[in-house]
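Here's the structure we're looking at; comments come further down.
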Amino acid sequence: MSPDRISNQQLADTFNLIADLLEIRGEVIYKILAYRKAAESLAELNNDAYDIWQEGKLTQIPGVGKAIAEKIEEIFTTGKLGFLEKLTAEVPLSLAEMLQVPDLGPKKIGLFWKELGITNLSELEAAARSGKLRTLPGMGEKSEARILSGIEAYKRRSTRIPIGQAYPFAQRLISRLSQAADVVRVEMAGSLRRGKITVGDLDILAAATDSAAIMALFLSDPEIVRVKGRGETKSSVEYAHGLRAQLWVHPPERFGTAWQYATGSKDHNVRLRELALKQNLSLSEHAFTRPDGSEILCATEESVYATLGLPFIPPELREDRGEIQAALQGKLPKLIEIEDIRSELHAHTTWSDGHLSIQQLAEAAGRRGRKLIVISDHSASLAITGGLTTEDLQRQREEIDRVQQLLGDSILILQGIEVEIRADGSLDFPDDVLADLDIVTASLHTSLRQPRQQITERLLKAIHNPHVDIIGHPTGRMLPNREGADLDMEAVMKAAIENQVALEINAHPARLDLDDINARRFVEMGGLLAINTDAHAESDLDLLHFGITTARRGWVEAPAVLNTWEIPKLLAWLKNRHDTR
DNA sequence: GCCGTTTTCGGCCCGACTGTTTTCAGTCG
């Protein structure tokens, strides 16, 4: 790593890794928490830590004291960290990776390592299969079986990169490549552009009159660990963490066919080529070709589709899920756009586990054009978040009133709650408390492994509560590793529609829950959606586009989404719900 | 390791669930 290119995120990754390794070694928990706190602060910093360091103000970052500031300085100065090198000499790095296995935590990993010398997953699997784990203190047959099934789940996990990592990386890459000479435009393609939750390679496409400069710039990135192929029109590289990227360069007059081709999906492209053949045209990434060999060049994707007699099909729809048929019939949906969003209905403040005060959150939302924000902190039983008690709610209401007065009519602040759906399906607050709130989101966070029937009934019970307006991140999945609850979604959707309860598309890239498929099904059934960031920090508000993309992949149009409604319409909907319950 | 002080140490991150236990340890959210 060249020191001056180290990002806040790379620093955060480093300190999280230190925390993992220390935890496996058996360090006192508070030291580990300190590293994690520092990592979290760095990751959500608005300014470059590098600049802060140059101003000599590192210790002003929350959670960064003398020791961590010195480590950051060492990283910036030398590109290395002696402390981490010493630590990894003692605790194998492969142990940290094992933390990704569900139900396997630092204590167990440390135990297996110290008692059996296990340092990686295959050794662990072998030990579990031969019944060695059950002989250790605190272990038994069930624990051994649980670990085996955890390893299976981990192996099933895709090696693809979550969109939350791939997207910002691609953005930085594109802005860098855009500075090359002779370049007209640089764009994302592939599954990243289609908005899939994970991507394999990053596909970047450039239009340039001459490819030499941009190819050279692409290949000169110091973060590249391996060049897999290099050529005039296409090069392919691998970065640290297994991230791979390829860059194609095409002449501007052929950019449309190239971009369409590189965006895919493969199945969508097959269907397009079939359509072309029916018109005696052959379609490739370079052009349409007539039987006599002459070409039709397309500089834009619009002209590619137009040549086939089709309207433009948005990338998110290009999955061969009926979009070409719909386009032929003139029945493509008018997809929701990020500009349609007026409200944020799910966000946290320092009243629970958020990092902003009510005023800071409201102002941050206002700066992003939101006209309404719902303060929806956690309820008490999710104790780790410092959830609110009934008494807290009253005091919070007073603060909201004060902030509302201060901010005037620039943004409307409502009091909501993200109320916990307990293991038995009851809610964390009695009905009379919920009745006093402006809007209620109910969510599952615990006991997500209950059997299908039990957890479905639990969620249905919450949906039937007349005070619940929205179900937050319905399945509780966490990407890429943790699968959501085993819900009977058909029953959940039906109940939600009958009770006029909205389901959330949580926009955080680790959730995107509901997913695109369920969102599409739900809207087709007549359901209402909410698209929320679930913000815990200011930068989280900028993750909204992931939720919008997921909705677009689900063929969702703006009217089906509460957040797009004019504020009076939304308030009237809430009032009507409240009056009739 | 950080922080704040009634400032140089003591507190910080809680509770449900599970599996192993017979009173507790580990994982998760």
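We name chains A, B, ... by the order of the sequence lines, and we start the count at 1 in each one.
Atom CG of A:Leu42 and atom P of B:dG1 are 16 Å apart (whole Å). When rounded to the nearest whole Å, the span between CD1 of A:Ile61 and C1' of B:dG1 equals 15 Å. Between A:Leu136 atom CG and B:dA25 atom C1' the separation is 14 Å, expressed in whole Å. The distance between atom CG of A:Leu58 and atom P of B:dC2, rounded to the nearest whole Å, is 12 Å. As rounded to whole Å, 11 Å separates atom P of B:dC17 from atom CZ of A:Arg422. As a whole-Å value, the separation of A:Gln454 CD from B:dA16 C1' is 14 Å. A:Arg134 places its CZ atom 18 Å from the C1' atom of B:dT18, with the value rounded to the nearest Å.
Closest contact between the side chain of A:Ser447 and the listed nucleotides B:dT20, B:dC17, B:dG1 involves B:dC17.
B:dT8 and B:dC2 have their C1' atoms separated by 13 Å, given to the nearest Å. Comparing B:dG10 with B:dT5, their C1' atoms are spaced 10 Å from each other, to the whole Å. Taking atom P on both B:dT21 and B:dA16, the two are 24 Å apart, rounded to the nearest angstrom. Taking atom P on both nucleotides, B:dT22 is separated from B:dC28 by 24 Å, rounded to a whole Å. One C1' atom belongs to B:dT6, the other to B:dG1, and the distance between them is 23 Å to the nearest Å. When the P atom is compared between B:dT20 and B:dC14, the two are found 27 Å apart, to the nearest whole Å.
A:Phe546 is linked by a ring-ring contact (aromatic ring centres under 6.0 Å, His included) to A:Tyr167, counting only residues two or more places apart in sequence or in another chain. Here A:Gln453 pairs with A:Glu457 under the side chain to side chain donor-acceptor pair (under 3.5 Å) rule; sequence neighbours left out. A:Thr349 pairs by the side chain to side chain donor-acceptor pair (under 3.5 Å) definition with A:Asp377, not counting sequence neighbours. For the salt bridge (charged side-chain N to carboxylate O under 4.0 Å, His left out) test, residues two or more places apart in sequence or in another chain that qualify with A:Glu70 are A:Lys66. Under the side chain to side chain donor-acceptor pair (under 3.5 Å) criterion, A:Gln394 pairs with no residue, sequence neighbours left out.
In this structure, a donor-acceptor pair under 3.5 Å is present between the side chains of A:Asp515 and A:Asn518. A:Tyr35 and A:Glu40 are not linked by any side-chain donor-acceptor pair at a separation below 3.5 angstrom, with hydrogens and angles left out of the test.
The pair A:Lys132-A:Glu115 fails the salt-bridge criterion, with no side-chain N (NZ, NE, NH1 or NH2) lying under 4.0 Å from an Asp/Glu carboxylate O.
With a cut-off of 3.5 Å on both pairing distances, the Watson-Crick or G-U wobble partner of B:dC3 is B:dG10.
Using a 4.0 Å cut-off on heavy atoms, the residues of residues 143-150 of chain A that approach DNA chain B are A:Ser143, A:Arg146, listed by number.
B:dT18 has its base anti relative to the sugar, with a glycosidic angle deviating from 0 by more than 90°.
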Using a cutoff of under 3.5 Å, can you pull out all pairs of nitrogen or oxygen atoms linking the protein to nucleotides 26-29 of chain B, with atom names and distances?
from   : atom 1 : to       : atom 2 : distance (Å)
B:dT27 : OP1    : A:Gly105 : N      : 2.6
B:dT27 : OP1    : A:Gly105 : O      : 3.0
B:dT27 : OP1    : A:Lys108 : N      : 3.1
B:dT27 : OP2    : A:Lys107 : N      : 3.1
B:dC28 : OP1    : A:Asp103 : N      : 2.5
B:dG29 : O3'    : A:His445 : O      : 2.9

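With DNA chain B read from its 5' end, the first of the two nearest nucleotides for A:Ile29 and A:Asp424 is the one closest to A:Ile29.
Within 4.0 Å of A:Ala423, counting heavy atoms only, lie sugar-phosphate atoms of the nucleic acid but no base atom. If you check every strand for non-hydrogen atoms under 4.0 Å, A:Lys66 touches sugar and phosphate atoms only. Using a 4.0 Å heavy-atom criterion, one finds that A:Glu141 contacts the sugar-phosphate atoms exclusively. Residue contacts for A:Val28: at a heavy-atom cut-off of 4.0 Å it reaches no nucleic acid atom on any strand shown.
Checking the phosphate oxygens (OP1, OP2) of B:dG1, no side-chain nitrogen or oxygen of A:Tyr30 falls inside 4.0 Å.
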Would A:Glu504 and A:Asn532 count as a side-chain hydrogen bond (donor to acceptor under 3.5 Å, both in side chains) here? Give the steps. CA-CA 7 Å; A:Glu504 181 180 74; A:Asn532 293 315; 3.1 Å; yes

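Within the structure, ring pair (Phe, Tyr, Trp, His ring centres under 6.0 Å) contacts touching residues 447-504 of chain A (residues at least two apart or in different chains) are A:His445-A:His473.
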Taking distance alone, no hydrogens or angles, what donor-acceptor pairs closer than 3.5 Å link side-chain atoms of residues 84-93 of chain A to residues at least two apart or in another chain?
from    : atom 1 : to      : atom 2 : distance (Å)
A:Thr88 : OG1    : A:Leu84 : O      : 3.0
A:Thr88 : OG1    : A:Glu85 : O      : 3.1
A:Glu90 : OE1    : A:Arg25 : NH1    : 3.0

